[in-house]
Amino acid sequence: MAIRKVGVVGVGTMGQGIAEMLAFKGLDVEVLEKTPEQMKSSMQQIELSLDKQIEKWALTQAEKKLVLSRIKPVNSLAEMCDCEIIIETITEDLEAKKKIFEQLDQHCNPNVILASNTSTLSLTELASHTSNPQRVVGMHFIYPAYKIDLVEIVRGLQTSDETFGSIKHFVEDVINKKSVMVFESPGFITTRLICLFINEALHVLEEGVASAEDIDNAMRVGYSFQHGPFEMADRFGLDAVLAALERMFREYGELKYRPSIVLKKMVRAGHLGVKTGIGFFKYDKDGDRT
């Protein structure tokens, strides 16, 4: 299947990165947000991201214009019916995702692949709200999507070989990323392992073994991590880490997934990391440590 146009439903932090990356790869991208105000803000954030790359000599003004020209805001899911793939990337709210898949199923012809960027929710359950569950698949991008060259392709119970093959071709040959196949399981590979890593670091902090700064330095310098567990959590969003741990704790029932009380307190305080300017560390409006 020739893939020239992709829809992105939900243009928050992840959606922005995915839309920007797809447009940079030469694809036409249609994007949808809840309100015109949110859409305007998302487009401004994409432009800001491109400007930061220009500052680092990673992009030219002409390339920025070309990328932005390929991203088209739309007003409804029905307008996305001419896309070959539609990627849902709203927050991890099962009921909201179900509604989106129901509507997409009504508006899109059976050849359109419906993908979700979920990291913990059931693809099989989302697919059950469509008349063609064979075309539903998971495409779990890792933040930041334009930098990380990995996509977890998640097969639900009824995902067809044809759908999987098309997405594998899209990931590896169209957007030139490495794919790994995952059978449906809460957290898949990456979220399951990285959230346990972050949660254990939180327990080490709780026990007073070391400071957040020193724990991060130990893992960053000692094991060549780009970011330590606390800065990593700040960049993912502490609310997203908490939500993932809580869902895995419910699904698996194992104590190792029970979120640290420190994480819960931070989220209750509204200290969510980069998105709010403060988490375990402080950040400026460009997302850089201060």
Side-chain angles (χ1 to χ4, degrees), residues 1-10 14-15 18-19 21-22 25-32 74 76-90 92-142 145 148-192 247-248 251:
M1 178 175 67
I3 298 166
R4 298 184 183 87
K5 187 179 288 187
V6 181
V8 178
V9 182
M14 276 304 298
I18 292 169
M21 177 272 299
L22 293 172
K25 296 291 184 180
L27 295 158
D28 291 325
V29 187
E30 293 185 347
V31 291
L32 175 67
V74 296
S76 69
L77 293 171
E79 291 181 57
M80 290 186 168
C81 63
D82 58 344
C83 295
E84 287 86 26
I85 298 173
I86 298 176
I87 304 169
E88 169 276 310
T89 172
I90 67 168
E92 293 288 85
D93 181 328
L94 183 60
E95 293 307 313
K97 287 179 187 284
K98 283 179 185 176
K99 287 176 184 173
I100 285 171
F101 274 79
E102 285 171 2
Q103 291 175 52
L104 287 172
D105 189 57
Q106 291 168 13
H107 294 299
C108 301
N109 71 56
N111 297 324
V112 178
I113 294 174
L114 306 181
S116 176
N117 184 56
T118 182
S119 58
T120 57
L121 299 175
S122 168
L123 265 299
T124 301
E125 190 166 357
L126 290 176
S128 71
H129 287 260
T130 71
S131 58
N132 291 288
Q134 302 87 352
R135 63 163 164 177
V136 177
V137 68
M139 284 182 76
H140 182 224
F141 291 86
I142 313 247
I148 306 298
D149 288 327
L150 179 78
V151 180
E152 290 179 299
I153 303 176
V154 188
R155 298 190 72 150
L157 188 62
Q158 298 184 69
T159 303
S160 70
D161 290 341
E162 184 182 358
T163 297
F164 172 76
S166 295
I167 289 297
K168 184 177 173 64
H169 164 72
F170 174 68
V171 170
E172 297 188 348
D173 299 326
V174 179
I175 62 174
N176 305 117
K177 292 184 182 286
K178 171 70 177 170
S179 73
V180 292
M181 189 186 81
V182 185
F183 288 106
E184 182 181 309
S185 175
F188 313 134
I189 300 170
T190 54
T191 301
R192 183 173 176 177
R247 181 161 290 278
M248 288 190 287
E251 292 285 337

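For clarity, every value in this text was computed on a predicted model and none was experimentally measured. The first residue in the sequence is number 1, and the count goes up from there.
At least one donor-acceptor pair under 3.5 Å links the side chain of Lys177 to the backbone N or O of Ala145. Remark: side-chain polar atoms of Glu84 are paired, donor with acceptor, to backbone N or O of Lys5 under 3.5 angstrom.
Minimum heavy-atom separation, Leu126 to Lys98: CD2-N, 3.8 Å. Nearest heavy atoms, Glu184 versus Gly156: OE1-CA, 3.8 Å. Of all non-hydrogen atoms in Asn117 and Met139, the two that sit nearest each other are OD1-O, 3.0 Å. Shown here for Ala96 and Ile90, the closest heavy-atom pair between the two residues is CB-CD1, 3.7 Å. Taking all atoms of both residues into account, the shortest heavy-atom contact from Glu152 to Ile189 is OE2-N, 2.9 Å. Across all their heavy atoms, Asn132 and Pro110 have their closest contact at ND2-CB, 4.1 Å.
For Glu162 and Arg135, the salt-bridge test fails: no basic side-chain N is under 4.0 Å from an acidic carboxylate O.
Rounding to the nearest 0.5 Å gives a distance of 13.5 Å between NZ of Lys99 and CD of Glu88. Interatomic distance, Thr130 OG1 to Ile100 CD1, rounded to the nearest 0.5 Å: 14.0 Å. Within the model, atoms CD1 of Ile87 and CE of Met14 stand 9.5 Å from one another, a figure rounded to the nearest 0.5 Å. Between atom OG of residue Ser128 and atom CG of residue Leu123 there is a gap of 11.0 Å, rounded to the nearest 0.5 Å. Atom OG of Ser179 is separated from atom CD1 of Ile167 by 10.5 Å, given to the nearest 0.5 angstrom. With rounding to the nearest 0.5 angstrom, the OG atom of Ser166 is 6.5 Å from the CD1 atom of Ile3.
Proximity of Lys25 to Val174: side-chain heavy atoms (C-beta onward) are nowhere separated by under 4.5 Å. Inter-residue side-chain proximity for His107 and Ser76 is flagged as unmet; no heavy-atom pair is nearer than 4.5 Å. Here the side chains of Phe170 and Ile153 are not in contact, with every heavy-atom distance at 4.5 Å or above. A heavy-atom distance below 4.5 Å is found between the side chains of Leu27 and Ile175. At least one side-chain heavy atom of Asp82 sits less than 4.5 Å from a side-chain heavy atom of Glu30. Residues Ile86 and Cys108 meet the side-chain proximity criterion, which asks for heavy atoms closer than 4.5 Å. At least one side-chain heavy atom of Val9 sits less than 4.5 Å from a side-chain heavy atom of Met80. Using a 4.5 Å cut-off on side-chain heavy atoms (C-beta onward), Asp105 and Val136 make no contact.
Of the options Thr163, Thr124, Asp161, a side chain to side chain donor-acceptor pair (under 3.5 Å) to Arg155 is made by Asp161 and by none of the others.
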